[in-house]
Novice: 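Below is the structure I would like to discuss, written out as structure tokens.
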Amino acid sequence: MAFFGVLKDKAISTFNEVILDKKVGGDGLTKEQKFCQKFQLPEEERIVQESNVVILYNSDHSEPNNNKFKGPHRYNSFEDDEHEIHFQGRLYLTQHFLIFRDSHDYRDCSFTLQLSTIKKVERETASFDYNFVLSLTTVSKLHIKLYFSGGIRSDNERFAQCLSMTLKKNQSNIKKLKPFIQTCYSEYLLSKNKVSHEVFEHTPPGGLGLVFKFPGNVKESKDKVKLKLWFDLFKENGRNLSLIKTPMFYKLIRVGLPNRLRGEIWELCCGSMYLRLDHQNEYEKLLLDNKDKMSLAIEEIQKDLNRSLPEYAAYQSPEGIESLRKVLTAFSWKNPEVGYCQAMNIVVAALLIYMSEEQAFWTLNVLCDRIVPGYYSKTMYGTLLDQRVFESLVQTTMPILWDHICKNDIQLSVVSLPWFLSLYLSSMPLVFAFRILDIFFMQGPKTLFQVALAILKINGEELLKTEDDGTFISIIKEYFLSLDSSAHPNSPQLKYRNITKFQDLLLVSFKEFSNIDDETIQSHREKHRDTIYQNISTFVKRTEIRHLPKTPNITQSTLDILYDRFYSQVEVSNITKGSGSSTIDFKSFVKFLSEVCDWVHFDENEVETISHDHFLRRLFQNWDSENQNVLSFADLLVGLNSLVESDLMTAMSNFFKLYDVKHNNKIDREGILRISEDLLYITSPWKEGYLLDEITRTAVENEVAEAVLKKQMESEKGAGSEEKEKNHDQNGAIDLPAHIEVNKEKLAAEQTERYLQAASTFINRAFEYAQPEEEELLIKDLAIDEKLKHNVALDPTHPVYLNLATFRMVILADETYELLFSSTFRDSIHLDRPLDLKFDPMRNIRDMFDGLLADGKKVANKVRLRMDSRASQQSQEGSSSSSLRSNRTRTSTLATSRDEEEEERDDDFGVISIDEKDKDMLLATEAQSLGDDVQKRPDIKKQLKKFHDTDKDSGVKLADASSTENGKENLIEFET
């Protein structure tokens with residue numbers, strides 16, 4: 001049983017590791033993405049194999065005396081006679097890297113070897129303690145022994161086999177290594193001192209500091225001493241792509257990097273060095289491919305070039321300005337969703353002092369994507385989130401100061417935002433800001449929080465005396481300007497008087513606030529992320545809506561709905577990418593319209609087949625103001641505003657402009673035919689009977705009123721005179737029957753015939769009244785077909801055009817199309833439809849009859865008018881009660897008039913009594929029958945087909961709809 005228990009536990013453990021760990025966590029990262037961030041690897045890397053190992057390494061260039069230093073006490077038992085130190089930890093193999101991390105403390109020993117730097121792998125004889133040993137040799141003359149101390153031997157064999165296969169796959173990348181090594185100053189330093197065999201003809205490209213000098217005093221910073229220490233480190237522990245990081249590595253970074261190595265160590269620490277190796281020449285290609293192109297980002301870059309670290313000499317010269325422009329421009333082309341954002345110019349200007357353009361370009365990419373995501377974006381969501389985190393940390397670590405800040409309503413984010421956004425580069429002197437950047441690239445964004453907390457801690461006593469933002473900021477500024485002065489000027493001991501305020505700042509930052517680690521910051525981010533995102537979303541929405549073009553036909557509440565619907569179509573989240581606006585393509589455009597327009601049907605498989613001349617394509621191209629084959633929200637809004645125009649003349653003008661492609665108030669022969677086809681497409685819901693227009697609605701109401709009147713008269717015939725008087729005394733109320741039979745097939749067929757006839761009439765009248773393009777010479781010798789002579793639309797010898805005035809005349813001459821442009825088309829567009837509403841855009845005719853339930857008063861009024869009219873006629877024929885009936889008629893007419901005036905604003909149906917049980921039964925029956933009847937109706941489909949068969953006289957053949965009036969199957973019960 002114990003055996004099966006072990007299997008069960010192992011299975012559960014495997015499931016959790018393989019399945020659950022791959023899920024996206026609270027920070028939005030999968031296990032693989034977290035692994036890549038942990039070791040600063042390109043995000044495409046995945047673990048191939050991993051194992052527990054003990055490593056031992058030395059170098060061909062190590063000096064004997066340096067080999068005698070002892071490591072941590074826990075490794076003394078592993079030291080051999082040559083004083084080599086062993087480290088135990090976890091070894092990972094990915095597609096392009098071999099990674100080791102010490103299990104006790106990663107700072108004791110860790111490395112990330114690019115596989116191209118491994119020259120040789122050998123298998124050594126296993127010892128008593130280790131059943132499997134591998135020996136690696138790198139291009140930097142490092143010799144690393146891997147002792148596989150645990151696990152099954154077959155697993156170790158599998159690791160060795162995977163390593164061998166991966167190395168073979170990477171052979172093609174070895175050719176990238178040599179040109180890359182030529183760009184590394186570490187290799188150049190060793191080569192000039194006869195340690196490396198690499199031959200350099202030129203000094204590797206560096207930053208602007210090589211020409212315009214580096215900030216600070218070289219002697220005071222002991223730059224040469226630092227360079228010598230790094231030289232010794234490179235000899236013993238490798239360099240650039242094959243460097244082993246030991247405690248000395250981290251110590252040398254904390255004391256400050258030498259100027260010539262600063263850029264290379266920065267890109268090694270953040271991982272941009274690996275991207276630069278994999279994408280050689282991509283930077284130059286981006287600049288070349290987009291040469292002389294313009295964009296909004298480039299315009300913004302141009303404005304800020306002269307405001308980037310103006311105190312540094314390079315940015316007062318064309319050379320420095322041009323380098324900065326190129327890096328920022330290349331980044332905007334590579335990351336168009338971000339483009340260029342505030343403070344990015346300051347950061348890049350700082351990088352270029354110590355880095356080449358290509359180094360700065362890839363470092364900027366890593367900075368924006370991984371180290372401080374969201375800092376340099378249009379919404380600045382990352383910076384705003386971290387400001388809230390910083391406030392939370394101040395509240396936790398310095399409650400007295402926080403209470404003082406809240407009491408005096410001091411906006412802490414106003415003070416600290418520039419620190420985070422510019423990485424302290426615009427806040428303190430550059431020589432000190434670069435020292436903070438050294439540590440920032442080594443240990444990540446927690447550095448920003450630790451330093452910021454230390455600034456408030458050191459100046460806490462003075463800050464507690466402030467009562468406003470101005471004084472608060474002034475104290476901090478004075479402190480930054482005095483960072484080079486003594487922190488303890490009155491101390492009796494010289495060693496304390498020699499400690500500067502900047503050294504004191506680093507001490508407080510990384511000693512007193514060492515507990516502010518990545519986990520703490522991440523937990524605070526999770527706590528406040530949703531609130532910040534919601535605030536940003538609301539702010540971006542309000543800002544964009546505020547700057548939209550005026551749309552008088554769309555209300556403010558509808559704007560909010562359209563905004564949400566538009567961005568629901570956008571695939572990329574605007575908050576996470578930092579984009580304040582985005583666009584939709586044609587497919588998303590059709591999907592958008594299908595949700596608000598009754599005449600648009602969305603089929604994902606059919607969208608791409610929509611022809612170039614289709615009405616939807618025409619709308620999309622006409623609304624695309626930038627001719628980028630995409631629509632912004634402003635483009636869509638302006639287009640929709642014209643589509644729902646309430647003024648009849650303006651609505652016709654807007655439609656005409658869609659086809660006036662030359663903007664000369666002329667639509668040629670092809671345009672006229674295109675209009676007729678598009679009108680057929682637009683009116684398809686009414687043509688096919690899915691929707692009813694006002695003309696058909698009026699016909700329905702009249703038919704219902706006649707049926708009610710007929711039943712009313714029949715009921716009065718059998719009643720006595722006293723009962724009739726009683727019925728008429730009830731305030732003119734009409735007792736409507738519970739059910740009325742209406743011939744829906746007949747009404748729908750009449751509507752179909754009317755729309756088909758309107759289309760035919762439009763073509764005939766458009767060509768009949770079209771103006772000739774110009775006076776043509778008669779070509780008597782040209783034989784023209786008699787049919788073409790009689791058909792103006794097909795006569796090639798007489799080109800004609802339709803202007804706006806004629807177009808309006810043709811539309812207004814037809815009752816159906818006039819109604820289409822005045823109300824029908826506009827009523828079919830539901831811009832205020834809720835985003836989460838489930839609906840079927842192709843509603844059937846049942847909706848019309850359901851809607852008549854609400855129009856019961858209108859039907860009753862029509863019945864009452866007819867009854868009063870008949871009563872008046874009977875009075876004129878000599879009725880003895882003419883006087884009395886006349887009074888009743890006047891009273892009824894006045895009541896009817898009052899009812900009609902209140903019809904639009906009165907929702908109380910008073911006299912109409914509806915049996916809800918009968919209504920539910922009726923709707924349930926109709927729901928099954930009506931939809932199928934309309935969809936399967938053969939006569940309408942036959943009419944649509946016959947419409948295309950032109951006739952010499954009328955141009956169109958219509959089916960006879962009278963045949964549908966036969967039997968109960970074509971009738972529905974109308975409930976009032």
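Source: prediction; values computed, not measured.
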Novice: Can you confirm whether more than 12 heavy atoms, excluding those of Glu391, are under 6.0 Å from its CD atom?
Specialist: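 Yes, CD of Glu391 has more than 12 neighbouring heavy atoms, counting only those of other groups under 6.0 Å.
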
Novice: Give me the atom names and distance for the closest heavy-atom approach of Leu831 to Ile561.
Specialist: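 That closest heavy-atom pairing would be O-CG2, 4.0 Å.
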
Novice: Kindly say whether Ser588 contributes a backbone atom to a donor-acceptor pair with the side chain of Asp585 at under 3.5 angstrom?
Specialist: yes

Novice: Would you check if the distance from the ring center of Tyr567 to the ring center of Tyr563 is below 6.0 Å?
Specialist: yes

Novice: His528 vs His524 aromatic rings, parallel, tilted or perpendicular, using cut-offs 30° and 60°?
Specialist: parallel

Novice: Would you check, one step at a time, whether the test side-chain contact (heavy atoms from CB on, under 4.5 Å) holds for Ser295 with Tyr340?
Specialist: CA-CA 10 Å; Ser295 68; Tyr340 169 76; over 6 Å; no

Novice: Got a second to check how far Leu417's CG is from Leu384's CG, nearest 0.5 Å?
Specialist: 7.0 Å

Novice: Would Thr683 and Thr816 satisfy side-chain contact (heavy atoms from CB on, under 4.5 Å), going step by step from the backbone distance to the final call?
Specialist: CA-CA 10 Å; Thr683 58; Thr816 299; over 6 Å; no

Novice: Could you check whether any side-chain heavy atom of Phe655 comes within less than 4.5 Å of a side-chain heavy atom of Leu679, counting everything from C-beta outward?
Specialist: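 Side-chain contact under 4.5 Å: yes.
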
Novice: Looking only at the aromatic ring of each residue, does the gap between the centers of Tyr381 and Tyr533 stay below 6.0 angstrom?
Specialist: yes

Novice: Distance alone, cut at 3.5 Å: any donor-acceptor contact between the side chains of Asp409 and Gln411?
Specialist: yes

Novice: Let me see the working for Asn335 and Tyr376 under side-chain contact (heavy atoms from CB on, under 4.5 Å), right down to the final yes or no.
Specialist: CA-CA 12 Å; Asn335 304 276; Tyr376 309 105; over 6 Å; no

Novice: Determine whether Leu559 and Leu637 make a side-chain contact, defined as any pair of heavy atoms from C-beta on separated by less than 4.5 Å.
Specialist: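 SC-SC contact between Leu559 and Leu637 confirmed.
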
Novice: Using a 3.5 Å distance criterion without hydrogens, assess whether the side chain of Asn290 forms a donor-acceptor pair with backbone atoms of Lys293.
Specialist: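 Not at all, since once roles are kept as given, no pair shorter than 3.5 Å links the two residues.
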
Novice: Indicate yes or no: at least one non-hydrogen side-chain atom of Leu393 is less than 4.5 angstrom from one of Thr520.
Specialist: yes

Novice: Supply the atom-to-atom distance Leu385 CG to Glu526 CD, rounded to the nearest 0.5 angstrom.
Specialist: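 One gets 9.0 Å once the value is rounded to the nearest 0.5 Å.
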
Novice: Mind checking whether Phe602 and Phe592 have ring centres under 6.0 Å apart?
Specialist: no

Novice: For side-chain contact (heavy atoms from CB on, under 4.5 Å), just list the numbers for Phe615 and Leu680, CA-CA rounded to whole Å, side-chain angles, deciding distance to a tenth of an Å, and then say yes or no.
Specialist: CA-CA 10 Å; Phe615 182 70; Leu680 281 173; over 6 Å; no

Novice: Can you tell me how far apart CG (Leu658) and OG (Ser653) are? Round to the nearest 0.5 Å.
Specialist: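 So the gap between those two atoms works out to 11.0 Å.
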
Novice: Sub-3.5 Å donor-acceptor pair from the side chain of Ser474 to the main-chain atoms of Thr471, do we have one?
Specialist: no

Novice: When you check the gap from the basic side-chain N to the acidic O, do Lys657 and Asp660 get nearer than 4.0 Å?
Specialist: no

Novice: Treating Asn803 as the side-chain partner and Asn665 as the backbone partner, does any N or O pair qualify as donor plus acceptor under 3.5 Å?
Specialist: no

Novice: Between Ile410 and Asp469, is there a side-chain heavy-atom distance shorter than 4.5 Å?
Specialist: yes

Novice: With under 30° as parallel and over 60° as perpendicular, where do the rings of Tyr755 and Trp686 fit, or are they tilted in between?
Specialist: parallel

Novice: So, for Leu804 and Phe656, which heavy atoms are closest and what is the spacing to 0.1 Å?
Specialist: N-CZ, 3.4 Å

Novice: Relative to the ring of Trp419, is the ring of Phe390 parallel (under 30°), tilted (30 to 60°) or perpendicular (over 60°)?
Specialist: perpendicular

Novice: Would you check if Phe331 and Val338 make a side-chain contact, meaning some heavy-atom pair closer than 4.5 Å?
Specialist: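 Yes, close enough: below the 4.5 Å cut-off.
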
Novice: Do we see a donor-acceptor contact under 3.5 Å between the side chains of His612 and Gln621?
Specialist: yes

Novice: Indicate yes or no: at least one non-hydrogen side-chain atom of Phe449 is less than 4.5 angstrom from one of Asp386.
Specialist: yes

Novice: In Å, rounded to the nearest 0.5 Å, how long is the span from CG of Leu648 to CD of Glu818?
Specialist: 6.0 Å

Novice: Taking all atoms of both residues into account, what is the closest heavy-atom pair of Asp624 and Asn629, and its distance?
Specialist: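 Looking at all heavy atoms of both residues, the shortest contact is OD2-N, 2.7 Å.
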
Novice: In Å, rounded to the nearest 0.5 Å, how long is the span from CZ of Arg565 to OG1 of Thr558?
Specialist: 11.0 Å

Novice: Between the main-chain N or O of Thr650 and the side-chain N or O of Asp647, is there a donor-acceptor pair closer than 3.5 Å?
Specialist: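 Indeed, once roles are kept as given, a pair shorter than 3.5 Å links the two residues.
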
Novice: Can you find a pair of side-chain heavy atoms, one from Phe586 and one from Leu616, that are under 4.5 Å apart?
Specialist: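 Touching, per the 4.5 Å side-chain cut-off.
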
Novice: Do we see a donor-acceptor contact under 3.5 Å between the side chains of Gln387 and Ser416?
Specialist: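 Indeed, the side chains of Gln387 and Ser416 share at least one donor-acceptor pair under 3.5 Å.
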
Novice: Between Arg388 and Ser413, is any side-chain donor less than 3.5 angstrom from a side-chain acceptor?
Specialist: no

Novice: Do Trp362 and Tyr283 make the cut of ring centroids closer than 6.0 angstrom?
Specialist: no

Novice: Quick one: side chain to side chain donor-acceptor pair (under 3.5 Å) partners of Ser422, sequence neighbours excluded?
Specialist: Ser426

Novice: Answer with yes or no whether the side chains of Asp560 and Ser557 bring together a donor and an acceptor at under 3.5 Å.
Specialist: no

Novice: Can you classify the ring geometry of Phe633 versus Phe566 as parallel (below 30°), tilted (30 to 60°) or perpendicular (above 60°)?
Specialist: tilted

Novice: If you apply the rule salt bridge (Lys or Arg N to Asp or Glu O under 4.0 Å), what do you find for Lys591 with Glu595, and how did you get there?
Specialist: CA-CA 7 Å; Lys591 187 175 186 296; Glu595 295 175 359; 3.1 Å; yes

Novice: For Asp598 and Ser828, which I'm curious about, is there any donor-acceptor pair between the side chains at under 3.5 Å?
Specialist: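 Distance-only check fails for Asp598 and Ser828.
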
Novice: Walk me through whether Asp678 and Arg674 qualify under salt bridge (Lys or Arg N to Asp or Glu O under 4.0 Å).
Specialist: CA-CA 6 Å; Asp678 289 346; Arg674 190 69 255 170; 3.3 Å; yes

Novice: Are any non-hydrogen side-chain atoms of Val607 and Phe589 less than 4.5 angstrom apart?
Specialist: no

Novice: Of all heavy-atom pairs between Val372 and Phe440, which one has the smallest distance, and what is that distance?
Specialist: CG1-CZ, 4.2 Å

Novice: Is Asn622 reaching over with its side chain to a backbone N or O of Arg618, donor-acceptor style, under 3.5 angstrom?
Specialist: no

Novice: For a quick check under 3.5 Å, do Asn408 and Glu467 share a side-chain donor-acceptor pair by atom type?
Specialist: no

Novice: Do side-chain atoms of Tyr315 reach the backbone of Leu305 as a donor and acceptor pair under 3.5 angstrom?
Specialist: no

Novice: What is the distance from atom CZ of Phe361 to atom CG of Leu351, rounded to the nearest 0.5 Å?
Specialist: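 The CG atom of Leu351 is 12.5 Å from CZ of Phe361, to the nearest 0.5 Å.
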
Novice: Which atom pair, heavy atoms only, marks the closest approach of Tyr424 to Ala452?
Specialist: OH-N, 3.1 Å

Novice: Asn654 and Ser642: which non-hydrogen atoms are nearest, and at how many Å?
Specialist: ND2-O, 3.2 Å

